[in-house]
Amino acid sequence: MDRLADVSNLRSSQSQTQISHLALDIGGSLIKLVYFCRYDDSCRDDGDELRSQNDSLCSKSDNSQPVLEGRLHFAKFETSKINDCLDFLHSMKLCLDVNSGSHDGTAPPSNKIFIKATGGGAYKFADLFKEKLGVSLDKEDEMECLVTGANFLLKAVHQEAFTYLDGQKEFVQIDPNDLYPYLLVNIGSGVSMIKVDGDGKFERVSGTSLGGGTFWGLGRLLTKCKNFDELLELSHRGNNRIVDMLVGDIYGGTDYAKIGLSSTTIASSFGKAISDSKELEDYEPEDVSRSLLRMISNNIGQISYLNALRFGLKRIFFAGFFIRGHAYTMDTISVAVNFWSKGEAKAMFLRHEGFLGALGAFMSYEKQCLDGLTVHKMQQKFPISASSAGDNIYCSLNSNSDENGSIECTVYGT
Ligand SMILES: Nc1ncnc2c1ncn2[C@@H]1O[C@H](COP(=O)(O)OP(=O)(O)O)[C@@H](O)[C@H]1O
Ligand SMILES: CC(C)(COP(=O)(O)O)[C@@H](O)C(=O)NCCC(=O)O
């Protein structure tokens with residue numbers, strides 16, 4: 001099923017709840033939303049008791065901060081269909097506590113409403129949001145949001161990071177005290193490579209324009225696919241060797257062992273297309289899609305490794321919606337990192353891969369006192385490992401998480 005937000009499902013599933021906090025990441029290809037829905041609209045003083053009866057109600061924290069318990073939801077829309085996103089937001093009860101100052105969820109957002117937003121679209125579409133929804137976008141820096149989102153996920157969410165090699169997915173236990181430094185590679189429309197040294201401590205060290213937009217754009221032209229999922233689906237079935245020129249094609253079927261190249265290594269992506277007297281129609285779209293996916297993934301894996309090498313980084317986390325939890329994509333990136341680093345560096349992936357920026361924008365509410373509500377802190381609900389510090393702050397990954405992987409959490413007021 002397409003993981004793009006099914007607006008009607010979202011609407012019905014949220015009919016009992018209201019969005020109280022919302023942040024957006026408006027990228028070149030996709031709009032990502034992170035929003036917090038309270039389980040219950042009323043904030044009650046006898047929270048501890050209520051919480052024990054029903055884990056979903058409002059309460060007060062030990063230091064008398066109002067506490068809202070609920071769930072962080074994730075949704076996405078194609079940027080080219082921004083009106084769907086606007087319709088969705090319009091249809092939801094946008095009772096933003098951050099603006100109304102009301103916790104009962106009923107106060108209409110009468111005065112000026114700000115929503116945290118990041119990505120280029122926060123600039124490009126600011127007027128549209130104002131015109132259609134009457135909200136102003138409070139812009140947050142994209143790189144900063146990516147890093148904040150990544151640090152949050154890696155430190156607070158259990159089973160967020162995993163490796164993927166030879167079809168095997170293995171979750172990686174992250175020690176929050178031993179997380180830095182690492183390289184964050186965000187594969188969106190384009191690719192950003194960021195060296196992360198701590199909370200808010202980072203440097204964008206490289207990037208490449210050959211990213212997810214390239215795969216989707218070239219793939220659409222070459223295969224006539226109508227949507228991204230179709231293109232990915234095609235790649236499952238394809239054989240890149242029909243399109244790519246392998247070392248063996250050049251070396252008469254043998255390895256070039258002296259320099260460590262096996263006969264099956266790709267010598268030249270799409271290389272066979274020049275030597276054959278074939279036209280595009282003579283190639284199967286499946287083979288073209290697979291070759292393209294491999295070319296882009298390999299290239300990103302290689303550049304990432306070279307940047308990791310440049311700064312002596314052993315861990316590389318890959319994120320962005322290009323990945324889509326797609327086995328072949330992750331496998332190709334992992335193999336590239338493994339190959340170039342001779343097994344020294346490790347490629348890791350994130351479950352909430354595409355939502356780093358939106359999460360970072362959401363977390364940026366924390367920096368402000370928002371009419372009585374602040375996102376304070378979110379951590380594991382169950383202290384699964386010794387490394388997850390803090391024990392009275394709630395945030396657990398929904399074990400029955402839907403494909404957008406909502407996260408149960410608590411928002412603390414000020
Ligand atoms: N449903 C989809 N529609 C378009 N692109 C998709 C979709 N799902 C995944 N992608 C891939 O994800 C990329 C966008 O990733 P994302 O992290 O959202 O970046 P951006 O912030 O640039 O939009 C696209 O270029 C494409 O490769
Ligand atoms: C300009 C961007 C930061 C925008 O982010 P995106 O919408 O692609 O997620 C990104 O596309 C990028 O880093 N492009 C690569 C540019 C370069 O370094 O060559």
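Every number for a ligand or one of its atoms is a count from 1 in the order of the listing.
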* **Exercise: do R294 and T332 side chains pair donor with acceptor under 3.5 Å** => no
* To do: From the options G357, S189, G213, A319, select the one whose nearest heavy atom is closest to atom 22 (O) of ligand 1.
  => S189
* Should the ring pair Y182 and F317 be called parallel, tilted or perpendicular, given that the plane angle runs from 0 to 90° and is split at 30 and 60? -> perpendicular
* Heavy-atom nearest option to atom 7 (C) of ligand 1, drawn from R324, E78, K76 -> R324
* Enumerated ligand 1 atoms positioned under 4.0 Å from heavy atoms of F322 -> 11 (C), 12 (O), 13 (C), 15 (O), 27 (O)
* Kindly indicate whether the side chain of I333, heavy atoms from C-beta on, has any atom under 4.5 Å from the side chain of M330. => no
* Asked: Would K32 count as a contact of ligand 1 if the rule is a heavy atom under 4.0 Å away?
  -> yes
* Structure fact -> Per-atom filter on ligand 1: closer than 4.0 angstrom to a heavy atom of S29 are 14 (C), 20 (P), 22 (O), 23 (O), 24 (C), 25 (O)
* Geometric class of the H352/F74 ring pair [parallel <30°, tilted 30-60°, perpendicular >60°] -> tilted
* To do: Please confirm whether G190 comes within less than 3.5 Å of ligand 1 when only nitrogen or oxygen atoms on both sides are compared.
  => no
* Asked: So I250 and Y256, side chain to side chain contact (heavy atoms under 4.5 Å, CB included) or not? Walk me through it.
  -> CA-CA 10 Å; I250 302 172; Y256 185 177; over 6 Å; no
* Give a yes or no on whether a salt bridge exists between D287 and K272, defined as a side-chain N under 4.0 angstrom from a carboxylate O. => no
* State, without any angle test, whether S297 and T329 hold a side-chain donor-acceptor pair at a distance under 3.5 Å. => no
* Asked: Taking NZ, NE, NH1 and NH2 as the nitrogens, is one of them in R241 or D249 under 4.0 Å from a carboxylate oxygen of the other?
  -> no
* Asked: Any side-chain heavy atom of T265 sitting closer than 4.5 Å to one from L246?
  -> no
* contact_flag F215 ligand 1 heavy-atom lt 4.0 Å -> no
* Structure fact -> In ligand 1, the atoms that come under 4.0 Å of a heavy atom of G320 are 17 (O)
* Location of contacts on W216 toward ligand 1, heavy atoms closer than 4.0 Å -> side chain
List, pair by pair, the atoms of ligand 2 and of the protein that are both N or O and lie under 3.5 Å apart, giving the separation rounded to 0.1 Å.
from: ligand 2; atom 1: 5 (O); to: E142; atom 2: OE2; distance (Å): 2.8
from: ligand 2; atom 1: 7 (O); to: G28; atom 2: N; distance (Å): 3.3
from: ligand 2; atom 1: 8 (O); to: S189; atom 2: N; distance (Å): 3.2
from: ligand 2; atom 1: 8 (O); to: G190; atom 2: N; distance (Å): 3.0
from: ligand 2; atom 1: 11 (O); to: G190; atom 2: N; distance (Å): 3.4
from: ligand 2; atom 1: 13 (O); to: V191; atom 2: O; distance (Å): 3.4
from: ligand 2; atom 1: 13 (O); to: S192; atom 2: OG; distance (Å): 2.8
from: ligand 2; atom 1: 13 (O); to: R204; atom 2: NH2; distance (Å): 2.8
from: ligand 2; atom 1: 18 (O); to: R204; atom 2: NH2; distance (Å): 2.9

* To do: Report yes if L30 has an N/O atom closer than 3.5 Å to an N/O atom of ligand 1; otherwise report no.
  => yes
* Asked: Going by heavy atoms in the side chains, are L309 and W340 under 4.5 Å from each other?
  -> no
* Asked: Is there a nitrogen or oxygen of F228 sitting under 3.5 Å from a nitrogen or oxygen of ligand 1?
  -> no
* **Aromatic ring proximity Y164/F349, centre distance under 6.0 Å** => no
* To do: Indicate, with yes or no, if the rings of F321 and F355 have centres closer together than 6.0 Å.
  => yes
* Would you check whether D25 has a nitrogen or oxygen atom less than 3.5 angstrom from a nitrogen or oxygen atom of ligand 1? => no
* Any heavy atom of G119 sitting closer than 4.0 Å to ligand 1? -> no
